[in-house]
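Just follow the structure's listing: the first ligand is 1, and inside any ligand the first atom is 1. Only a predicted model underlies this, so the values are computations on that prediction, with no experimental measurement involved.
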Amino acid sequence: MFEQAKKLYGEYGVDVEKALAALKEIPISVHCWQGDDVIGLDGSDSLSGGIQTTGNYPGRARSFEELKADIKKAFSLMPGKKRLNLHASYAVLGKDKGKLDRDKYSPKHFEPWVKFAKELKLDGIDFNPTMFGHSMMKDGLSLSSPDEKTRKFWVEHCKACIKISEYFAEEFNSPTLMNIWIPDGYKDVPADRLGPRLRLKKSLDEILSVGYDRSKVIVAVESKVFGIGIESYTVGSNEFYQNYAAKNNICCLLDNGHYHPLEYVSDKIPSLLAFYDTVALHVTRGVRWDSDHVVLFEDELKEIAKEIVRNDAIGKVKIGLDYFDASINRLSAWITGQRAMQKALLYALTVPHDKLKKLQDDSAFTELMVLQEEVKDLPLGVLWNEYLKREGVPSDYLKEAKAYEKQILKERS
Ligand code: RNT
Ligand code: ZN
């Protein structure tokens, strides 16, 4: 069956073996926060800041040990090259718990994660300062706060995070993406829209002034249009961050839950590629709002993957995942989303882009439409199953996730 499929793809000029070989080398940064509903390990017991998990499926990871066990199990069922994406709130504080605050975290609080990631033979670790779920989030504001003490605290936190990111990069000999997202904004029409942005700008300048090696740490900024309870104004808007990134030579991160329902991130990728060497993604699935539903193999995901592959941007676009669903088996959620991303990449790697591009350039729009429809029916499932086999991961991961639930997670309630 696979040989037949390979031949069929060959008729469209697609080299299936080349596609499968490329797919297993594309790293996907898998977020740690699906496992514990974004709570973290450094003392918070609830989520705040415009983001929210919904559901109360049993078995949430409540400790470092539990989270590690769940990640290990989930990752063992995900094909391809993986990185681990951590938030600062996942610091393993040990004796420092209750003594050191987020402005003082250092590489040593993440050594256990490095050890763990090396055990799993991961490609590297990516990182995020955590500006939510903390008492220093004064009135929901961090880097844009008018309260100087608050603003400084978060500047120091981000500086510390750059140093921790540098440590990860050195340990894995692979650059770390450090993504800054803040929930700062206002529920109702603000009286001053510029002031908060100028303060955010000043904060970012101060953060970047910490000496760091730009070949090791890629600093990104993640914009948003609104959050729950922050409906009227978001300080870190798209226009603000894109201009800041362009002027300061840092990276933009696009989260596809953060735009208007009719704005597409797939279309923003090539716009940014015209100006930047690196673009970062948070791949998610927003349903009516930035709801962070589990990523599925859907049209927009395929378009995103196509923009990465057909623009020769596999090394340039850093693919990270960002979803958290507390209403279903979390392991299955994790794996379903990661596999959907990989499948979309496989899809993109097996579309005859050159042929299609040529039709566009020749203004052969009728032929273009027909061929684009035709390739949708190619037997991708056959290639996918072959890939899973070659990667040594079972196609029936639900069975494994359910067995793990019965054995391990049930004990947690
Ligand atoms: C929130 C942003 C942000 C977070 C994670 C936990 O709207 O998408 O990236 O989801 O950092
Ligand atoms: Zn995000």
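For the pair Asp42 and Ala88, the tightest heavy-atom approach, listed with the atom from each and the gap, is OD2-O, 4.5 Å.
When non-hydrogen atoms are compared, ligand 1 lies under 4.0 Å from the side chain of His87 (C-beta onward) but not from its backbone. Proximity of Asp290 to ligand 1, defined as any heavy-atom pair under 4.0 Å, is confined to the side chain (atoms from C-beta onward).
Ligand 1 has Ile51 within reach: a non-hydrogen atom of the residue lies less than 4.0 Å from it.
Comment: Lys224 engages Asp290 in a salt bridge, judged by a side-chain N to carboxylate O separation of less than 4.0 angstrom. The existence of a salt bridge linking Arg390 and Glu386 is confirmed by a sub-4.0 Å separation between a basic side-chain nitrogen and an acidic carboxylate oxygen. The existence of a salt bridge linking Arg199 and Glu148 is excluded, since no basic side-chain nitrogen approaches an acidic carboxylate oxygen closer than 4.0 Å. A salt bridge does not link Lys402 to Asp396: none of the charged nitrogens lies less than 4.0 Å from a carboxylate oxygen.
Considering backbone and side-chain atoms together, Trp33 places no N or O closer than 3.5 Å to any N or O of ligand 1. Polar contact check, Asp292 against ligand 1: no nitrogen or oxygen pair lies under 3.5 Å apart. Close N/O approach between Asp322 and ligand 1 is found [any backbone or side-chain N/O within under 3.5 Å].
Atoms of ligand 1 lying under 4.0 Å from at least one heavy atom of Lys224, given by number and element, are 1 (C), 7 (O). Per-residue contacts place Asp255 under 4.0 angstrom from the following atoms of ligand 1 (heavy atoms of the residue considered): 8 (O). Less than 4.0 angstrom separates some heavy atom of His282 from each of these atoms of ligand 1: 9 (O).
Cation-pi check for Lys118 over Phe172 is met; the charged atom lies under 6.0 angstrom from the ring centroid and within 45 degrees of its normal. Both the sub-6.0 Å distance and the 45° axial angle are satisfied by Lys68 relative to the ring of Phe64.
The closest approach of Asp255 to the Zn ion (ligand 2), by N/O/S atoms, is made by OD2. Restricting His282 to its N/O/S atoms, the shortest distance to the Zn ion (ligand 2) is reached by ND1.
For His282 and Tyr323, the ring centers sit 6.0 Å or farther from each other. Checked against the 6.0 Å centroid criterion, the rings of Phe168 and Phe127 qualify as a close aromatic pair.
With the Zn ion (ligand 2) as vertex, Glu222 OE2 and Asp322 OD2 subtend 170°, rounded to 10°.
Here atom 3 (C) of ligand 1 lies nearest to Glu222 when heavy atoms of Glu222, His258, His31 are compared.
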